[in-house]
Amino acid sequence: QVQLVESGGGSVQAGGSLRLSCAASVYPYSSNCMGWFRQAPGKEREGVLGIHTLGSVTRYAESVKGRFTISRDNAKKTVYLQMNSLKPEDTAVYYCALGPFCPGANGAVGRFFKYWGQGTQVTVSS
C-alpha cells in the first residue's frame with residue numbers, strides 16, 4: 001500500500017522560506033513522477049512542480065518560477081519542495097502526489113497522479 005506523508009508546513013512571514021518533505025512508503029512504479037500541488041481556500045487545486053525519477057522537472061505553476069525548487073532522494077523515497085521568497089498568495093494546503101509519469105503543464109495535471117498525501121498547511125503572512 002502506497003502512503004505519502006508530508007511534513008514541513010507552517011507559518012512564515014512574506015519573504016521567508018519553508019521546505020516541505022514528502023516520504024513515500026513504497027514506489028509502485030519502477031519510474032515515477034512525484035509532484036507538489038496546492039489548494040488555497042475557495043480555489044481549485046493547482047499543480048506546482050513535478051519531478052521524474054531521473055530528475056527532470058516540470059513546472060505547472062508560473063507563479064513559482066525562480067522561487068520554488070523541487071528535488072528528490074530516490075533512496076529515501078522522498079521529494080522536497082524548497083520555497084523561497086514566499087508571498088501571501090502562496091498560502092494553501094500543499095499536497096504531494098505520485099504517478100507513473102510527469103504530465104505536461106497543460107490541462108488538469110492532477111488526474112495523472114494516483115496517490116496523494118494528506119496535505120500540509122502553509123500560511124504566509126504579510
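Please read these numbers as outputs of a predicted model, since none were measured by experiment.
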Go through the structure and list residues passing side chain to side chain donor-acceptor pair (under 3.5 Å) with [X], not counting sequence neighbours.
X      : value
Thr123 : Gln121
Tyr29  : none
Arg45  : none

In chain order, what residues pass the side chain to side chain contact (heavy atoms under 4.5 Å, CB included) check against [X], with sequence neighbours excluded?
X      : answer
Val122 : Leu18, Leu20, Met83, Tyr94, Val124
Ser31  : His52, Thr53
Glu6   : Cys22, Trp36, Tyr95, Cys96, Gln118, Thr120
Ser71  : Tyr80

If two hydrophobic side chains count as joined below 4.5 Å and joins carry through other members, does [X] share a cluster with [Y]?
X     : Y      : value
Phe37 : Leu86  : no
Val79 : Tyr115 : yes
Leu4  : Ile51  : yes

>> Applying disulfide bond (SG atoms under 2.5 Å apart) as the test, list every pair that has at least one member in residues 24-94; sequence neighbours left out.
In response: Cys33-Cys102

> Does Asn74 reach the main-chain N or O of Lys77 with its side chain, forming a donor-acceptor pair under 3.5 Å?
Replying inline: no

> Any donor and acceptor pair, going by atom type alone, linking the side chain of Ser63 with main-chain N or O of Ala61 inside 3.5 Å?
Replying inline: no

>> For residues 79-108, which residue pairs pass the salt bridge (charged side-chain N to carboxylate O under 4.0 Å, His left out) check, not counting sequence neighbours?
In response: Arg38-Asp90, Arg67-Asp90

> Does anything in residues 48-60 pair up under salt bridge (charged side-chain N to carboxylate O under 4.0 Å, His left out), and if so which pairs, sequence neighbours excluded?
Replying inline: Arg59-Glu62

Note, [X] side chain near [Y] side chain (heavy atom, < 4.5 Å):
X      : Y     : result
Leu98  : Pro28 : yes
Asn106 : Tyr60 : no
Thr58  : Leu49 : no

> Which residues pass the ring pair (Phe, Tyr, Trp, His ring centres under 6.0 Å) test with Phe101, sequence neighbours left out?
Replying inline: Phe112

> Tell me the side-chain hydrogen bond (donor to acceptor under 3.5 Å, both in side chains) pairs involving residues 17-27, sequence neighbours left out?
Replying inline: Ser17-Asn84, Tyr27-Arg72

>> How close do Ser126 and Ala14 get, counting heavy atoms only, and between which atoms?
In response: CA-CB, 4.3 Å

